[in-house]
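Report on the structure given below.
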Number of protein chains: 2
Amino acid sequence: MGRTRAFDRDTALERALDEFWRHGYEATSIATLTAAMGINPPSLYAAFGDKRKLFTEAVRRYQETHGAFSTRALAEEPTAREAVERLLREAAEVYSDATHPPGCLIVSAGVNTTDPQVIAELRGHRERAKQAIRDRIDHDIRSGRLPRDTDSGGLAAYYAAIIQGMSTQACDGCGRTDLVSVAALAMRAWPEEHPDPDATRSGSDGLGCTA
Amino acid sequence: MGRTRAFDRDTALERALDEFWRHGYEATSIATLTAAMGINPPSLYAAFGDKRKLFTEAVRRYQETHGAFSTRALAEEPTAREAVERLLREAAEVYSDATHPPGCLIVSAGVNTTDPQVIAELRGHRERAKQAIRDRIDHDIRSGRLPRDTDSGGLAAYYAAIIQGMSTQACDGCGRTDLVSVAALAMRAWPEEHPDPDATRSGSDGLGCTA
DNA sequence: GCATATCTGTAGTGATCGCTATACAATTGA
DNA sequence: TCAATTGTATAGCGATCACTACAGATATGC
């Protein structure tokens, strides 16, 4: 019972996501949020709790939509190389897509923020993404496709840096063409692979992998 | 004549630089600045004008000290490859040096800032740094060391992205070892070179270069 | 000593920050 | 129809923002 909500919560959340994406957490005020969402402060607080909870929810929405290409690329491609290659190529396209703000929300929205919880939240997402790349590389090391002495940690840090650099470049006005070029150049760092992985070592321990 | 200044302007500027470096332009308030500089607001405004002028002066100080390795590397090394290699290696060391804040002030201090002049100022510095890399590459293309079809713009965007990504990685807690590894991997994208540049083309137009 | 000039510390300006008390509108169940 | 419940709008809370008016302290030139 009670009065029905006069605005759509989902579209309001997407308006908030757009603001956070464009200006970051701290530089986005409640006033600009309510203006973009078309509601008044009490409605915002009733529907989302407070600014930080709204931000967390916007980040989740971002990861489920614009940022979902990352986990998809790592999960769907047959090899780590193809996964990272697709990851970079799609990042180049998403970051320079003019239908939404440039760059990556996870990379940029928490920079220069005083709230330590927000900093930790986004840093956690970045570290998890880097770890996901490393896990995918380790998988191909175990399967024998990549050399046993491959430094998966260094390689993951490298591709994480590439992605974060591409985000910054996009925010500086870099277009799709240049970003795709950056992604292609970044793949030159990929180590030499064994074309037929399971033939290199007898009884590879990568057999049980299902991811 | 008049009362003498009770604080050292240079050390106060360096304290301000440290604050801007650590928290960015907007997240650094006049209150934290005056606390770090050991002075009161009127002294700050008398000595530096306002917050934005103090920031601009801090950026200049940064470029003359911690950030000077960039222009030095591009100017002092004999080839573009060695210049960029040194640029990345020294960036890895400076960005992870624990004696000062992590990362690069030029890269991070203007993110999520509402003042468009501050955004434009730092973006200008980044674009100029990228252009300097491109110029150094073009120089080696003209001298014949690098292939004529080298995409200097894409290559410069790539190394600019690497540097910006290394800065973000450093801010996320990445240590010197990992950053050096990222820098080394990034050099794998460098194109094939002619070992003896002037022998490849008769009367190379790179002869008159002095930089 | 004294006028003048410059710096320093206190205190406070209007504006904006995130957030909310309060009153009113709108809907449901009885 | 009417109490109960929930959303909305106005208006304002204390805190902080960048910045400064003002008065007292300290220096120089005479």
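As a basis for the values below, the full set of heavy atoms in this structure was taken, side chains included, without hydrogen atoms, waters or symmetry mates. Proteins get letters first, then strands, A, B, ... in listed order; numbering begins at 1 in each.
- Taking the 5' to 3' direction, DNA chain C first and last meets chain B under 4.0 angstrom from a heavy atom at dA5(C) to dT10(C).
- For the pair R5(A) and F7(A), the cation-pi criterion (under 6.0 Å, within 45° of the ring axis) is fulfilled.
- Within residues 49-59 of chain A, the residues having any heavy atom under 4.0 Å from DNA chain C are, by residue number, D50(A), K51(A).
- Salt-bridge check for D138(B) with R142(B): failed, with every basic side-chain N at 4.0 Å or more from each acidic carboxylate O.
- Residues from residues 29-39 of chain A placing a heavy atom under 4.0 Å of any atom in DNA chain D do not occur.
- The existence of a salt bridge linking R126(A) and D172(B) is confirmed by a sub-4.0 Å separation between a basic side-chain nitrogen and an acidic carboxylate oxygen.
- Summarising the geometry, atom CD1 belonging to I30(B) is positioned 8.5 Å from atom CE belonging to M37(B); distances are rounded to the nearest 0.5 Å.
- Closest-nucleotide positions on DNA chain D for T4(B) and F7(A) were compared, and the one nearer the 5' end corresponds to F7(A).
- For the pair S43(A) and dT8(D), the criterion of a side-chain N or O lying under 4.0 Å from OP1 or OP2 is met.
- The pair R81(B)-E193(B) does not meet the salt-bridge criterion, since no charged nitrogen lies less than 4.0 angstrom from a carboxylate oxygen.
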Self-check item: Residues Y25(B), R52(B); criterion side chain to side chain contact (heavy atoms under 4.5 Å, CB included); working and verdict
Solution: CA-CA 8 Å; Y25(B) 174 76; R52(B) 213 174 62 73; 3.7 Å; yes

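- Residue Y95(A) holds its OH atom at 10.0 Å from NE2 of H100(A), rounded to the nearest 0.5 Å.
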Quiz item: Do K130(A) and Q169(B) pass the side chain to side chain contact (heavy atoms under 4.5 Å, CB included) test, and can you show the C-alpha distance, the side-chain angles, and the key distance before you say yes or no?
Solution: CA-CA 10 Å; K130(A) 180 159 73 171; Q169(B) 287 291 307; 2.8 Å; yes

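- Between the P atom of dC19(D) and the OH atom of Y45(B) lies a distance of 4 Å, rounded to the nearest Å.
- Judged by closest nucleotide on DNA chain D, R3(A) is the one of R3(B) and R3(A) placed further toward the 5' end.
- Ion pairing of R9(B) with E14(B) is absent here, as no side-chain N (NZ or NE/NH1/NH2) approaches a carboxylate O to less than 4.0 Å.
- When heavy atoms are screened at a 4.0 angstrom cut-off, A6(B) is found touching the sugar-phosphate backbone but no base atom.
- Between the CD atom in E85(B) and the OH atom in Y159(B) there is a gap of 9.0 Å [rounded to 0.5 Å].
- No engagement by T114(A) is indicated, since no non-hydrogen atom pair under 4.0 Å with the nucleic acid exists.
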Could you pull out every donor-acceptor pair under 3.5 Å between side chains of residues 16-24 of chain A and any protein atom, sequence neighbours left out?
residue, atom, partner, partner atom, Å
D18(A), OD2, R22(A), NH2, 3.2
W21(A), NE1, G103(A), O, 3.1

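- Between the side chains of D115(A) and T113(A), no donor N or O sits under 3.5 Å from an acceptor N or O.
- Against DNA chain D, the stretch residues 8-24 of chain B makes no heavy-atom approach under 4.0 Å.
- For the atom pair E77(B) CD and L87(B) CG, the distance stands at 10.5 Å (nearest 0.5 Å).
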Quiz item: Could you run down nucleotides 10-15 of chain D 5' to 3' and tag each one B, S or - for protein heavy-atom contact under 4.0 Å?
Solution: B-----

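- Rounding to the nearest 0.5 angstrom, the gap separating the OG atom in S152(B) from the NE2 atom in H139(B) is 13.5 Å.
- Taking the centre and axis of the six-membered ring of Y45(B), the NZ or CZ atom of K53(B) falls outside the cone set by 45° and 6.0 Å.
- Between the side chains of Q164(A) and S167(A), no donor-acceptor pair is found at a separation under 3.5 Å.
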